[in-house]
Amino acid sequence: MKLTKCANGHFYDEEKYSSCPHCSGGAGNGGYGDMTTESLVFPGTAGARTSFGDDDVTVSNPKFPEKRNIEVTEPVVPVQQRRNPAEEDEEKTESYFNWEAIRSNEIKRAEGEVITKNEQRRETAKPVVGWLVCTSGSNYGSSFNLYSGKNFIGRDVSNEVCLTGDLGISRIKHAMIIYEPKQRRFYAQPGDTSHELFYLNDEVVLSNVALNDRDVLTIGLNTLVFVPFCDERNGWDVPMPE
């Protein structure tokens, strides 16, 4: 390639064209002169070293006799690394009810065994341990699932039991229902942040109180009946690691 600059400042390949294709309206390159990029150097630079295939061409600017080389840096493509499963395990809290399925499936995966959909489901399942059924108030007719551990009650959707439409109920953590899976016992307890009261069978709850089948909770103007699933007959229990 022999790069030449015409009188109008256009650059073209003298070996390929007899005259400047830009000045002739693209006649020298099949009529596509308007699609050619004209600038080969940055304004104000003495020159630039560029590359066209395997050929290196130095373009000079007559106003600046010295040459300036521009090195092209290839972009670095980051290598996407897979996270270490051990690190992921350290960040994840395993449910009381599904830890055994997680351990069992880990062994099967390591040995290349097929894991059924039911076995996969048990890894992430969140079993229901009981319900609260609203019999009066702004949530009349609704039921709410209870899960192992702490179940907070309040107006906000972040609570496990969300009681909307009753300003007598604190927005967050007015009260809580606790399920303790080892002994399969339920408890009612005041919330962590609320200053408001609630009642169990018309008695104010000021501390941890045992909760029994068909007990009645009064929170604001809502009345809730407690219905357990996990009891002395039913449960999701599995042996815990020693």
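FYI, the numbering just counts along the sequence from 1. Source: prediction; values computed, not measured.
A distance-only check finds a donor-acceptor pair linking the side chain of N151 to the backbone of I177 [under 3.5 Å]. When atom types are taken as modelled, the side chain of R185 and the backbone of E180 share no donor-acceptor pair closer than 3.5 angstrom. A donor-acceptor pair is defined here as one N or O able to donate and one able to accept, closer than 3.5 Å; such a pair exists between the side chain of R184 and the backbone of N234. Put simply, the side chain of S194 gets close to the backbone of E196: a donor and an acceptor are under 3.5 Å apart. Of the possible polar contacts, none joining the D192 side chain to the K173 backbone as a donor-acceptor pair under 3.5 Å is found. The main-chain N or O of I169 is found under 3.5 Å from a side-chain atom of R155 such that the two form a donor-acceptor pair. Formation of a donor-acceptor pair under 3.5 Å by the N159 side chain with backbone atoms of D156 is found in this model.
Of all the heavy atoms in Q120 and I115, the pair that sits closest is NE2-O, 3.4 Å. The heavy-atom pair separating P190 from L206 by the smallest distance is CG-C, 3.8 Å. Here the closest non-hydrogen pair linking L197 and H174 is O-NE2, 2.9 Å. Annotation for P127 and Y147: closest pair O-CD2, 3.4 Å, computed over non-hydrogen atoms. Of all non-hydrogen atoms in C134 and F144, the two that sit nearest each other are CB-CE1, 4.4 Å. Here the closest non-hydrogen pair linking W236 and C230 is CD1-SG, 3.5 Å.
No single ILVMFWY cluster, assembled from side-chain heavy atoms under 4.5 Å apart, contains both V204 and L224. L132 is connected to F198 through a chain of hydrophobic side-chain contacts under 4.5 Å among Ile, Leu, Val, Met, Phe, Trp and Tyr, so both are in one cluster. By the rule that hydrophobic residues join a cluster once side-chain heavy atoms approach within less than 4.5 Å of another member, L163 and Y140 end up as members of separate clusters. In terms of hydrophobic clustering, with Ile, Leu, Val, Met, Phe, Trp and Tyr side chains grouped at heavy-atom distances under 4.5 Å, V133 and L217 are assigned to a common cluster. Placement of V216 and Y187 in two distinct hydrophobic clusters is found when ILVMFWY residues are connected by side-chain heavy-atom separations under 4.5 Å, directly or transitively.
You'll find the ring centres of F226 and F186 inside the 6.0 Å limit.
Between W131 and F229, the ring planes are perpendicular. Angles over 60° get that label, and only those under 30° would be called parallel.
Listed by chain and number, the residues in a side-chain hydrogen bond (donor to acceptor under 3.5 Å, both in side chains) with T4 are E14 (sequence neighbours excluded). For K108, the side-chain hydrogen bond (donor to acceptor under 3.5 Å, both in side chains) test picks out E119, with sequence neighbours left out.
By the neighbour-count criterion of 12 heavy atoms within 6.0 Å, atom CD of E203 is sparsely surrounded, having that number or fewer from other residues, nucleotides or ligands. Within 6.0 Å of the CD1 atom in I178, the count of heavy atoms belonging to other residues, nucleotides or ligands exceeds 12. With a 6.0 Å radius and a threshold of 12 heavy atoms from other residues, nucleotides or ligands, R121 has its CZ atom at or below the threshold.
A distance of 11.5 Å separates OG of S148 from NZ of K182, quoted to the nearest 0.5 Å. The CG atom of N212 sits 8.5 Å away from the CG atom of L200 when rounded to the nearest 0.5 Å.
Using modelled atom types and a 3.5 Å distance limit, the side chains of E123 and N105 yield a donor-acceptor pair. For the residue pair S138 / N222, a side-chain donor-acceptor distance below 3.5 Å is found, with atom types taken as modelled.
Within the 4.5 Å cutoff, side-chain heavy atoms of V161 are placed close to those of L146. Contact check for C20 versus H10: side-chain heavy atoms found under the 4.5 Å cut-off. Looking at Q189 and V209, their side chains never come closer than 4.5 Å, going by heavy atoms from C-beta outward.
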